[in-house]
Novice: 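Have a look at the structure that comes next, please.
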Amino acid sequence: MILNSLNPAQQEAVRAPLGHQLVLAGAGSGKTRVLTHRIAWLVENEKIAPSRILAVTFTNKAANEMRARIEKMLHVPAKSMWIGTFHGLSHRFLRAHWQEAGLPQSFQILDSDDQFRMIRRVIHALNLDEDRFPPKESQWFINAQKEECREPHQVEVRDFTVQTQIRIYQAYHEACLRAGVIDFADLLLKTYKLLLTNAELRAHYQDRFRCLLVDEFQDTNTIQYAWLKLFAGDSNSVMIVGDDDQSIYGWRGARIENIQRFSKDFAGARIIRLEQNYRSTGTILKAANALISQNAGRLGKNLWTEGKDGEPITVYAGFNETDEAFFIVNRIRELKQKSDHVLREMAVLYRSNAQSRVIEEALMQFGIPYRVYGGLRYFDRQEIKDALAYLRIIANRSDDPAFERIINTPVRGIGDRTLVSIREHAKSHALTLWDALLQLIEQKHFSTRAETALLSFVNLINTMTERTLALELHKQVEYVLYASGLIEHYRKEKGEKGLTRLENLEELVNAAHQFSQDGVTDDMPPLAAFLAYAALESSDEQADAYDDCVQLMTLHSAKGLEFPVVFLAGCEEELFPHYLSMNDPKAIEEERRLCYVGVTRAMRKLYMTYAEVRRTYGKEAYHRPSRFLHEIPAELIDEIRFRTKTARLGNHAQAYSSGTGGNHFTTAAETQNAFRVGQEVRHRIFGEGIVLDCEGDGEDMKVKVRFANVGTKVLIASYLSAK
DNA sequence: CGGGAAAAGCTTTTT
DNA sequence: GCTTTTCCCG
């Protein structure tokens, strides 16, 4: 096997003898290459059978990528290898051992939306006040308990509130059992519990998997750690790869301590550091190192590069968020025109989604194509979930969440009253909604009108099931779309929205077709396999990634990606670090790691921008520049200001004045005279308008202008000229 | 049952 | 302030 392309540290990790290893892989240090090479090495040099390797990642994307790379390296399909997410692998395990796990063979997976609805229903059924016990909180509580491996009876009762939450957890647990559905956390928990209690199975799997590898280990939570330990047993080799400095998911249960714990629990673990960075310039790495060195209790790591220092980091102090957005957009235009940068090489990163709007508007005004990552995913769309709910009911009549969803969608005259009586009957007789419905019909419980509607529903589902039995998967889906009336229903929905929905539904037929062609259904019935795929594989729409678009996303979704040019927007106290993290030193450290992630996304050029005034939740707020800006050595920064009087970065300002190339906007500001209300003005982009209001004076002046074509906007005086 | 008015959010997200 | 969800009534 050729390892020439790897540096000494990478080679050390790849060729390490069997046994435990902790690879601390800095940003851009070639961590994925090490993982894939390691697996290939195990197969080729250590003669480990592919079926005895277990590799875990956090996202499907990472898992698919890893599998593809390994297949390319080994020139054989890696089908027998267990490569996947914690959830995906747990699912595979539970499908194989559904009986031992006490699940129906046709068990379905609940996504968080289904889970939410189900919990809300449980809260109502317990006659609890939704305002005192919001379903969101219960959902959070239940998931947190499951992530700590605690079943309802194992939760410590601290006070009345917790006691009630436990009741909700218990009732939800029973409802899931009855409906034959399990949520995401259950996939892990049930796998863990089964392995823990069933010695025979445990022995089998511990004997099978000789080598276990985990990517992004800093993101593991308590149950994932326990899960891994159980699969690993005492005699197998475990390699974990991670970076404590990139742990940004503490808020959803990730335990950064798991990395430290690993060295204790897995005896003789060797630590290998990957610190050579192949992504960023020296300047960017120096900034990142300085920033993260402010955090306490790190395992310690210093990124370096053989490459050049490159350009300084540009810090821009915007007047307000619109000004900030225009700065970014102007720079994007310049880069596009003057250099060879294409738009897709530029990314705008921000702390929270709400920030994207202003930037999008600015991009739109200049006609620059862009793409916002992290919107509603395909399988989460309403119309898709409707269609899937029909398929779920076909596969499993007891799927209550699916039943609730489609009983009156499209509307077929089954009202809330009818539904409530079905729910009550189900609850008092411990039945599924479907069975309760059948019983009530038999008992002649309903009015003639309701009964007709209900009977036609029951017939519809039964007919669908019979008719689709022999059909191929995509034909099955197609049949259901029409027979359910969903196509007709969304055709009636007027406007763009309805059209998109129809397109999405048609796409579902294609998706099913594609799915069955790709094969790999793991001896599950195709429909069940497809439903599981829809629940577990969130399918990020990479389809149009080839379009040349500026990339917009949150810092969280940027993890793992890289861009030649990065704009890090909104570098202000209260926004970044976020005000909800301000009082907790641990949370501040996580924010800092988030900043570190953002900085290390940049390959050649990094811009960091902030606004002095920002409108949030309807209020205008003045914020100081982010502390993270101060934590980056001044000599790495070139600050651009639209005015010269005061330094933006407070006490550290003097050092910044040595920067080159700044002051782009000074000339305009200095020659600017004050505007007065009623004056006619001109803006380079917005055209002509009338001054409605002025605030402040001189170059600091905020001017409200009503433009002839684009409406009313507040701008800084320096962007305006008298007509 | 649909549409409009009122009210409720409002940090980060994968599975 | 703006957008999404819920609620209420014709």
Side-chain angles (χ1 to χ4, degrees), chain A residues 56-63 84-92 109-117 120 130-131 134-136 140 143 146-147 182-189 191 216 219-221 223-224 227 247-254 321 349-358 361 373-377 379-380 382 408-417 453 489 492-494 532-540 553-560 570 574-582 584 587 590-591 593-595 597-598 614-621 714:
Chain A
V56 197
T57 62
F58 273 84
T59 63
N60 290 300
K61 196 175 153 206
T85 62
F86 279 103
H87 296 87
L89 296 177
S90 297
H91 178 244
R92 192 168 171 176
I109 300 162
L110 286 188
D111 65 23
S112 28
D113 185 50
D114 294 330
Q115 185 188 41
F116 177 84
R117 288 158 180 266
R120 190 170 53 185
E130 202 180 305
D131 294 326
K136 266 249 156 60
W140 190 86
N143 288 333
K146 288 185 176 184
E147 275 160 20
I182 72 176
D183 60 38
F184 287 128
D186 268 342
L187 286 166
L188 301 189
L189 188 59
T191 300
E216 305 274 19
D219 291 337
T220 53
N221 60 28
I223 192 158
Q224 285 158 345
W227 187 103
S247 161
I248 55 174
Y249 286 110
W251 54 274
R252 63 173 198 210
E321 71 273 14
L349 311 181
Y350 36 80
R351 178 64 177 81
S352 59
N353 285 310
Q355 284 171 259
S356 80
R357 220 194 72 234
V358 182
E361 281 168 3
Y373 279 76
L376 194 59
R377 286 188 297 270
F379 285 115
D380 288 338
Q382 181 192 306
N408 201 29
T409 306
V411 279
R412 51 173 69 83
I414 299 169
D416 213 35
R417 272 255 189 91
H489 174 70
K492 280 190 215 134
E493 196 172 338
K494 43 194 176 293
Y533 165 81
L536 288 172
E537 203 104 0
S538 49
S539 99
D540 42 344
M553 67 190 81
T554 63
L555 286 158
H556 283 89
S557 24
K559 197 172 85 157
E574 311 280 315
L575 181 61
F576 191 34
H578 198 271
Y579 71 98
L580 290 172
S581 304
M582 292 291 229
D584 178 0
E590 184 154 309
E591 297 275 329
R593 291 192 293 270
L594 194 53
C595 189
V597 167
R614 186 178 296 269
R615 191 169 271 281
T616 18
Y617 308 145
K619 282 191 185 72
E620 261 191 355
V714 178

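As the structure is a computational prediction, the values presented were derived from the model and not from experiment.
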Novice: For A:H578 and B:dT11, say yes or no: do the ring centres fall under 5.5 Å of each other while the ring planes differ by less than 30°?
Specialist: yes
Novice: Is A:N60 near enough to B:dT14 that one of its side-chain N or O atoms lies under 4.0 angstrom from OP1 or OP2?
Specialist: no
Novice: Just to verify, what does A:R614 make a salt bridge (charged side-chain N to carboxylate O under 4.0 Å, His left out) with, not counting sequence neighbours?
Specialist: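 Applying salt bridge (charged side-chain N to carboxylate O under 4.0 Å, His left out) to A:R614 gives A:E324, A:E572.
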Novice: Could I get the full list of ring pair (Phe, Tyr, Trp, His ring centres under 6.0 Å) partners for A:H556, not counting sequence neighbours?
Specialist: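 Once residues adjacent in sequence are excluded, the partners of A:H556 under the ring pair (Phe, Tyr, Trp, His ring centres under 6.0 Å) criterion are A:Y249, A:W251.
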Novice: Give the first and the last nucleotide of DNA chain C, reading 5' to 3', that has any atom under 4.0 Å from a heavy atom of chain A.
Specialist: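 Footprint of chain A along DNA chain C, 5' to 3': C:dG1 to C:dT6.
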Novice: For DNA chain B, what is the dot-bracket line, given that a base pair needs Watson-Crick (N1 to N3, plus N6-O4 or O6-N4) or G-U wobble (N1-O2 and O6-N3) geometry with both distances under 3.5 Å, and | means paired with another strand?
Specialist: ||||||||||.....
Novice: Answer yes or no as to whether B:dT12 has its base stacked against A:Y249, where stacking requires a ring-centre separation under 5.5 angstrom and planes under 30 degrees apart.
Specialist: no
Novice: Go through the structure and list residues passing side chain to side chain contact (heavy atoms under 4.5 Å, CB included) with A:D186, not counting sequence neighbours.
Specialist: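 A:K146, A:I182, A:D183, A:L189, A:K190.
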Novice: Could you list the residues that satisfy side chain to side chain contact (heavy atoms under 4.5 Å, CB included) with A:A354, not counting sequence neighbours?
Specialist: none
Novice: Given 3.5 Å as the limit, does a donor-acceptor pair link the side chain of A:N60 with the main chain of A:L536, or not?
Specialist: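 Yes: the side chain of A:N60 pairs with the backbone of A:L536.
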Novice: Using a 4.0 Å heavy-atom cut-off, does A:S112 contact any base of the nucleic acid, only the sugar-phosphate backbone, or nothing at all?
Specialist: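 Since a base atom lies under 4.0 Å of A:S112, the category is base.
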Novice: Who are the side chain to side chain contact (heavy atoms under 4.5 Å, CB included) partners of A:A534, not counting sequence neighbours?
Specialist: A:F379, A:L388
Novice: In whole angstroms, how far is the P atom of B:dT13 from the CG atom of A:D219?
Specialist: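 In whole Å, B:dT13 P and A:D219 CG are 13 Å from each other.
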Novice: How long is the line joining CG of A:N143 and P of B:dT13, in whole Å?
Specialist: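 Nearest whole value for this atom pair: 17 Å.
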Novice: In whole angstroms, how far is the P atom of B:dT14 from the CZ atom of A:F184?
Specialist: 11 Å
Novice: Once you apply a heavy-atom cut-off of 4.0 Å, does A:R120 come out as touching a base, just sugar-phosphate, or nothing?
Specialist: sugar-phosphate
Novice: For A:A453 and A:G413, which heavy atoms make the closest approach, and how far apart are they?
Specialist: CB-O, 4.0 Å
Novice: Could you check how far CD of A:E147 sits from P of B:dT14, rounded to whole Å?
Specialist: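 Value for this atom pair: 15 Å.
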Novice: Please name all residues satisfying side chain to side chain donor-acceptor pair (under 3.5 Å) with A:D219, sequence neighbours left out, ordered by chain then number.
Specialist: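 Residues passing side chain to side chain donor-acceptor pair (under 3.5 Å) with A:D219: A:K559.
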Novice: Could you tell me which non-hydrogen atom of A:S112 sits nearest to which non-hydrogen atom of A:F184, and how far apart they are?
Specialist: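 For A:S112 and A:F184, the tightest heavy-atom pair comes out as N-CE1, 4.0 Å.
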Novice: Please list, chain by chain and in numerical order, all residues satisfying side chain to side chain contact (heavy atoms under 4.5 Å, CB included) with A:Y579, sequence neighbours excluded.
Specialist: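 Counting only residues at least two positions away or on another chain, A:Y579 forms a side chain to side chain contact (heavy atoms under 4.5 Å, CB included) with A:E574, A:M582, A:Y617.
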Novice: Restricting both atoms to N or O, compile the protein contacts to nucleotides 1-10 of chain B shorter than 3.5 Å, with distance only.
Specialist:
unit_1	atom_1	unit_2	atom_2	d
B:dC1	OP1	A:G413	N	3.2

Novice: Run the side chain to side chain donor-acceptor pair (under 3.5 Å) test against A:E321 and tell me which residues pass, sequence neighbours left out.
Specialist: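 With sequence neighbours excluded, A:E321 shows a side chain to side chain donor-acceptor pair (under 3.5 Å) to no residue whatsoever.
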Novice: Please state the P separation for the pair B:dT11 and C:dT4 - nearest whole angstrom.
Specialist: 15 Å
Novice: Distance check needed: B:dT11 P versus A:R351 CZ, whole Å only.
Specialist: 10 Å
Novice: Write down the distance between CD1 (A:I248) and P (B:dT11), rounded to a whole number of angstrom.
Specialist: 17 Å
Novice: Please check the phosphate of B:dT13 (OP1 and OP2 only) for any side-chain N or O of A:S557 closer than 4.0 Å.
Specialist: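 For A:S557, the contact criterion (side-chain N or O under 4.0 Å from OP1 or OP2 of B:dT13) is met.
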Novice: Between C1' on B:dT14 and CG on A:D380, what's the gap in Å once rounded to a whole number?
Specialist: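 Distance, rounded to whole Å: 11 Å.
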Novice: Mind checking the P distance from C:dT3 to B:dT12? Whole angstroms is fine.
Specialist: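 That atom pair is separated by 16 Å.
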Novice: Pick base, sugar-phosphate or nothing for A:E591, based on heavy-atom distances below 4.0 Å to the nucleic acid.
Specialist: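 It contacts base atoms.
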Novice: How many Å lie between CZ on A:R614 and C1' on B:dT11, as a whole number?
Specialist: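 Result: 14 Å.
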Novice: B:dT12 phosphate, OP1 or OP2: any side-chain N/O from A:N353 under 4.0 angstrom?
Specialist: yes
Novice: According to salt bridge (charged side-chain N to carboxylate O under 4.0 Å, His left out), who are the partners of A:D114, at least two apart in sequence or on a separate chain?
Specialist: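 Expected list: A:K385, A:R392.
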Novice: Does a salt bridge link A:R351 with A:E591, judged by any charged N lying under 4.0 Å from a carboxylate O?
Specialist: yes
Novice: Reckon A:L580 touches a base, only the sugar-phosphate, or nothing at all at heavy-atom distances under 4.0 Å?
Specialist: base
